[in-house]
Every structure is written in C-alpha cells, then in structure tokens.
Amino acid sequence: MNSEFYKSNRKKLYEKLPAGALLAIFSGEEIRKTNDEYYPFFADRNFVYLTGLECKEAVLLAMKDGEGAVSERLYILAPNKMEERWTGVRVKPQEATDISGVEDIRFCQNFEGDIRKLAAG
C-alpha cells in the first residue's frame, strides 16, 4: 500500500475530531515472557491502519486547532546500532515518512515533553 491510503484513513478520523482535540495512538510494546525472551510483537491494529508501520513503541500524535487544521507527528525509536543487533532493525525517519505519509518524524524520547506542552497549552 502507498502512503495515500494511510493519509486517507487519518483524514477520515481527523474529520470526526472536535476542534482543539489532541489525539495520541500508540503502537504498543513487547511483552516479556521470561527474563531473556519476549512474546512475538504485533503492533496495535489501529496504529497500523493509520500509519502502515508495525514498529514497537511508536506514537502517532495529532492536534486539531480551533479552525479545524490538523498537524500530526510520528514518534519512533531512535536508531541505535548496538540495540538493533539484539532487537532487530528499527524503522528510520525517512522510511517512516515514505510508508505513513507523516512528514514530522521525531524520536520517542521527545514525546513526553511534547505532549505535556501541548496538553497544558
């Protein structure tokens, strides 16, 4: 599928949001099975439907202002070659944009601070 499919899915959702809404959709996290093993990871279906990405610990954040304009951000895990050796390759920012169509890609460590500012504002 191309990014237009996911953009269209998000547009339908955004049309139903009230003005001033803040929306966060999470992809999910791995569940630990034992100390050295995790259950197979499956991203949240709603997250995949809206972004096309099947990566863990990602967040789609959308804000609808008073005039109905929507801005969106996608938070992904930062590339880390050492961790990727053990946990698998992470999606890169350009790859996330190409798949999802979201232009504003940020790393997960910025999410908490960003959402606090937006929720307070």
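Just so you know, residue 1 is the first one in the sequence shown, and it goes up from there.
Grouping the Ile, Leu, Val, Met, Phe, Trp and Tyr side chains by contacts below 4.5 angstrom, directly or via other members, places Phe42 apart from Phe47. Two different hydrophobic clusters hold Phe111 and Leu23 under the rule that ILVMFWY side chains link at heavy-atom gaps under 4.5 Å.
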Intermediate values then yes/no, salt bridge (Lys or Arg N to Asp or Glu O under 4.0 Å), Glu4 and Lys7: CA-CA 5 Å; Glu4 292 303 317; Lys7 286 180 183 179; 3.4 Å; yes

Leu61/Glu72 under side chain to side chain contact (heavy atoms under 4.5 Å, CB included): CA gap, chis, key distance, verdict: CA-CA 6 Å; Leu61 180 65; Glu72 55 187 7; over 6 Å; no

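Within 6.0 Å of the CD atom in Gln109, the count of heavy atoms belonging to other residues, nucleotides or ligands exceeds 12.
Legend: residues meeting ring pair (Phe, Tyr, Trp, His ring centres under 6.0 Å) with Tyr14, ordered by chain and number and at least two apart, are absent. Partners of Ser71 under the side-chain contact (heavy atoms from CB on, under 4.5 Å) rule, at least two apart in sequence or in another chain, are Met63.
Not one N or O on the side chain of Ser3 forms a donor-acceptor pair closer than 3.5 Å with the backbone of Gly101. Between the Ser27 side chain and the Glu57 main chain, a donor and an acceptor come within less than 3.5 Å of each other. The main-chain N or O of Leu17 is found under 3.5 Å from a side-chain atom of Lys64 such that the two form a donor-acceptor pair. Of the possible polar contacts, one joining the Arg10 side chain to the Leu50 backbone as a donor-acceptor pair under 3.5 Å is found. For Ser100 (side chain) and Ala96 (main-chain N/O), a donor-acceptor pair under 3.5 Å exists by modelled atom type.
A salt bridge does not link Glu29 to Lys56: none of the charged side-chain nitrogens sits closer than 4.0 Å to a carboxylate oxygen. Using a 4.0 Å cut-off between a side-chain N of Lys or Arg and a carboxylate O of Asp or Glu, Lys92 and Glu84 qualify as a salt bridge. Under 4.0 Å is where a charged nitrogen must lie from a carboxylate oxygen, and between Arg32 and Glu37 no such pair does. Classification of Arg106 and Asp104 as a salt-bridged pair holds, one side-chain N sitting under 4.0 Å from a carboxylate O.
Inter-residue side-chain proximity for Tyr39 and Ile31 is flagged as met; some heavy-atom pair is nearer than 4.5 Å. For the pair Leu60/Val102, a side-chain contact is recorded, criterion being any heavy-atom separation below 4.5 Å from C-beta on. At least one side-chain heavy atom of Thr34 sits under 4.5 Å from a side-chain heavy atom of Asp36. Contact check for Leu22 versus Ile115: side-chain heavy atoms found under the 4.5 Å cut-off. Side-chain contact between Lys33 and Tyr38 is absent, with no heavy atoms from C-beta onward closer than 4.5 Å. At least one side-chain heavy atom of Ile76 sits less than 4.5 Å from a side-chain heavy atom of Phe107. In this structure the side chain of Leu13 reaches within 4.5 angstrom of the side chain of Ile25, judged on heavy atoms. Contact annotation: the side chain of Leu74 never approaches that of Val59 to less than 4.5 Å [non-hydrogen atoms, C-beta and beyond].
In this structure, CZ in Arg73 is found 12.0 Å from CD1 in Ile105, a value given to the nearest 0.5 Å.
The only member of Val91, Val48, Ile99 that meets side chain to side chain contact (heavy atoms under 4.5 Å, CB included) when paired with Glu54 is Val48.
Side chain to side chain, Tyr49 and Asp44 fail the donor-acceptor criterion of an N or O pair below 3.5 Å.
Taking the ring centroids of Phe26 and Tyr75, they lie at or beyond the 6.0 Å cut-off.
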